[in-house]
Amino acid sequence: MIDQQMSLRGGAARLPVRPRTGRFLVLAAVFVCAACGLVYELELVALASYLIGDSVTQASVVLSVMVFAMGIGSLLAKRLRCRAAVGFGMIEAALALIGGSSALVLYASFAWLGDSQYALVGFSLAIGVLIGAEIPLLMTLIQRVDRQDAGGTAADLFAADYVGALVGGLAFPFLLLPMLGQLTGALFTGAVNAAAGGALVLWVFRRDLSHRSRWLLVLVNVSVIAVLATATVLVDDFERAARRAVYGDQVRVAVQTGVQEVVVTGTDRDSLGLYLDGRLRVSARDEYRYHEALVHPAMNGPRARVLILGGGDGLAAREVLRYGDVRAVTVVELDPAVTRLARTDPALSELNGHAFRDSRLTVVGADAFPWLRADHGRYDVVISDLPDPGITASTKLYSAEFYGLIAEALAPDGRLAVHAGPLGARPQTFWTVEASVRAGGLATRPYRVTGRYAGLAASPDRGGGERRDREDWGFLLAAPGRAPRAALAADGPEPRSLRGRELREGARAAAEARLPGLLPSTLIHPRYWEDA
């Protein structure tokens, strides 16, 4: 009882090291634990954005739930202050196991259950509670080492915590993801977490532990590290099994580039499927409908110089290069791994007609937004073949500022073609993009393609096929000045211009709507709809 009272008042502990060394070791443990905690947090956000989509929503869910849970953890930690050493050791072991395995479990729930939202919230709660319990217990432990005043102790602890968070935040995108990947990176972080917490308690504060508590902590930490090490050894087999569950049995290529995960399925050009970050971008069965509708309406007019934004798969370039009077085609693609795959993969290069062998085509590896800010001359046609506008990470490429840059790059009689998302399934997305193009200084002509396979951007289902939850592709043809005319069919599966009634219905459906993450200038203003 006297020892407990001394612990709560900051009485000195019987340490195997000098007090200054003990203080340094406690702050080092704070540093490591803070770094690991932030890695868990970023891992949840990154994986949730990949598996569920809408990174703004997922980041908000993870961060808000974790901060709330940290408050609960801080309150619960008061019950453990009388046994701070053993309590901290057990909490770190639990945090290492839960945080280290979180990515693995989330990916498994997505692959075999088809939903990882509940698992995401559960892990955010559990990790938040455990992280919130760390600082109160560490405060008690450091006061056992040194009699420094509470204000100075808190300042040192929070300084070590914030610096550790900085290191963890930088290590995640620049070291862990490129070198180890999401799953192995989380497992490695958990092992480091368990080793740091266990070493601090079992060495520096071992005299505060009973014989039974000491052996319990040894057993628990060894078991946690063994589980994480075993999972690391088996992670490649797990990833292959999970990919088969998600994409089917015909996965040929699966690579994590510096930008995204690229997966290619199918054994030949007729069965090929190209997935970027889990979303189907190319289906050999119906890609021609999408690319023909995207490219050919814009090619009705001067077309000597053509700019393709995105389109690293070479399929839009294939359609452009069909025109003999096209003299130069520039493809601006962010991920060089996609263009490299389009050049070298036998099935994909056959599907794109070996477009990259054409001497008229030039590939630029760059982000389209900053690239457009430089003066590259004027283009007769600009094709915007970019990721789906519903993906938050790509929303800057559907902003009014972006279309303003395109307007400056267009020749006076130039045309722009934009894929604006599914008009039937997500009219707000489509009309938000249309309003952004107008705000960028271009007149528009909306059109659509309907048909059985108009689901190019759909995510795969758990059976390996693609979910056909979209009935059409929506496009915009735009030009400076008046809306451009194009050879559009009246109805049927070919590109069809939208009629007045559809324009008015779309206006009502999307009034005052905006996509999450879009810049404020992309708001749809009621005054615009009066002109529609």
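Sequence positions, counted from 1, serve as the residue numbers for this chain.
- Under the 4.5 Å side-chain criterion, counting only non-hydrogen atoms from C-beta, Glu261 is in contact with Arg243.
- Ala29 approaches Leu200 most closely through the heavy-atom pair CB-CD2, 3.5 Å.
- Here the side chains of Glu134 and Leu95 are in contact, with some heavy-atom distance below 4.5 Å.
- Put simply, the side chain of Arg279 does not reach to within 4.5 Å of the side chain of Pro387, judged on heavy atoms.
- With sequence neighbours left out, the side-chain contact (heavy atoms from CB on, under 4.5 Å) criterion links Leu106 to Leu44, Leu47, Leu51, Ser116, Ala119, Leu120, Phe123.
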- Message: For a side chain to side chain contact (heavy atoms under 4.5 Å, CB included) check, start with the C-alpha distance between Phe158 and Ile135, then their side-chain angles and the critical distance, and finish with the verdict.
- Response: CA-CA 8 Å; Phe158 284 116; Ile135 292 297; 4.3 Å; yes
Hey, can you pull the donor-acceptor pairs under 3.5 Å for the side chains in residues 31-43, sequence neighbours left out?
| residue | atom | partner | partner atom | Å |
| --- | --- | --- | --- | --- |
| Tyr40 | OH | Asn193 | OD1 | 3.0 |

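- Smallest separation of non-hydrogen atoms from Ile91 and Ala133: CD1-CB, 3.6 Å.
- Proximity of Leu309 to Leu397: side-chain heavy atoms (C-beta onward) are nowhere separated by under 4.5 Å.
- Residues satisfying the side-chain contact (heavy atoms from CB on, under 4.5 Å) criterion with Arg214, sequence neighbours excluded, are Leu202, Arg206, Leu209, His211.
- Atom NZ of Lys78 sits about 9.5 Å away from atom CG of Leu76, to the nearest 0.5 Å.
- Here the closest non-hydrogen pair linking Tyr107 and Ala242 is CE2-CB, 3.8 Å.
- In this structure, the separation between OH on Tyr247 and CG on Leu280 is 9.5 Å, given to the nearest 0.5 Å.
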Show me, pair by pair, the donor-acceptor contacts under 3.5 angstrom made by side chains of residues 226-234, not counting sequence neighbours?
| residue | atom | partner | partner atom | Å |
| --- | --- | --- | --- | --- |
| Thr230 | OG1 | Ala226 | O | 2.8 |
| Thr232 | OG1 | Leu228 | O | 2.8 |

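- Judged purely by atom type and a 3.5 angstrom limit, Ser349 has no side-chain atom pairing as donor or acceptor with the backbone of Thr344.
- Atom CD of residue Glu239 and atom OG1 of residue Thr184 lie 6.0 Å apart, to the nearest 0.5 angstrom.
- The side-chain heavy atoms of Leu276 and Val262, taken from C-beta on, include a pair separated by under 4.5 Å.
- Using a 4.5 Å heavy-atom cutoff, the side chains of Val251 and Arg240 are not in contact.
- Closest non-hydrogen pair, Gly169 versus Pro173, comes out as O-CD, 2.9 Å.
- Closest approach of Val433 and Ala420 over heavy atoms only: CG1-CB, 3.8 Å.
- Side chain of Glu333 to backbone of Gly312: a donor-acceptor contact under 3.5 angstrom is found.
- By the 30° and 60° cut-offs, the orientation of the rings of Trp112 relative to Phe238 is tilted.
- Between Tyr290 and Asp385, the closest side-chain pair of non-hydrogen atoms falls below 4.5 Å.
- Interatomic distance, OH of Tyr403 versus OG of Ser384, reported as 5.0 Å (0.5 Å rounding).
- Between Leu27 and Leu157 there is a side-chain heavy-atom pair separated by less than 4.5 Å.
- Checked by atom type and distance alone, the side chain of Ser101 never pairs as donor or acceptor with a backbone atom of Leu104 at under 3.5 Å.
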- Query: Given the rule in the side chain to side chain contact (heavy atoms under 4.5 Å, CB included) test, do Arg340 and Val363 qualify, once you have shown the distances and angles that lead to the verdict?
  - Reply: CA-CA 10 Å; Arg340 187 163 53 249; Val363 178; over 6 Å; no
- Item | Audit row: Gln58, Gln117, side chain to side chain contact (heavy atoms under 4.5 Å, CB included) steps and yes/no | CA-CA 9 Å; Gln58 305 315 319; Gln117 186 71 58; 3.6 Å; yes
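- Taken from OG in Ser210 to CZ in Arg212, the straight-line distance is 8.0 Å, to the nearest 0.5 Å.
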Show the atom names and distances, to 0.1 Å, of all donor-acceptor pairs under 3.5 Å that link a side chain in residues 61-70 to residues at least two apart or in another chain.
| residue | atom | partner | partner atom | Å |
| --- | --- | --- | --- | --- |
| Ser64 | OG | Ser60 | O | 2.6 |
| Ser64 | OG | Val61 | O | 3.3 |

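- Taking all atoms of both residues into account, the shortest heavy-atom contact from Thr140 to Ala84 is CG2-CB, 3.8 Å.
- With rounding to the nearest 0.5 Å, the separation of CZ in Arg83 from CG in Asp208 is 11.0 Å.
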- I would like to know whether Ser436 and Tyr398 meet side chain to side chain contact (heavy atoms under 4.5 Å, CB included); could you show each step before the answer? CA-CA 7 Å; Ser436 299; Tyr398 290 88; 5.9 Å; no
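- Every residue was checked against the side-chain hydrogen bond (donor to acceptor under 3.5 Å, both in side chains) condition with Asp161, not counting sequence neighbours, and none meets it.
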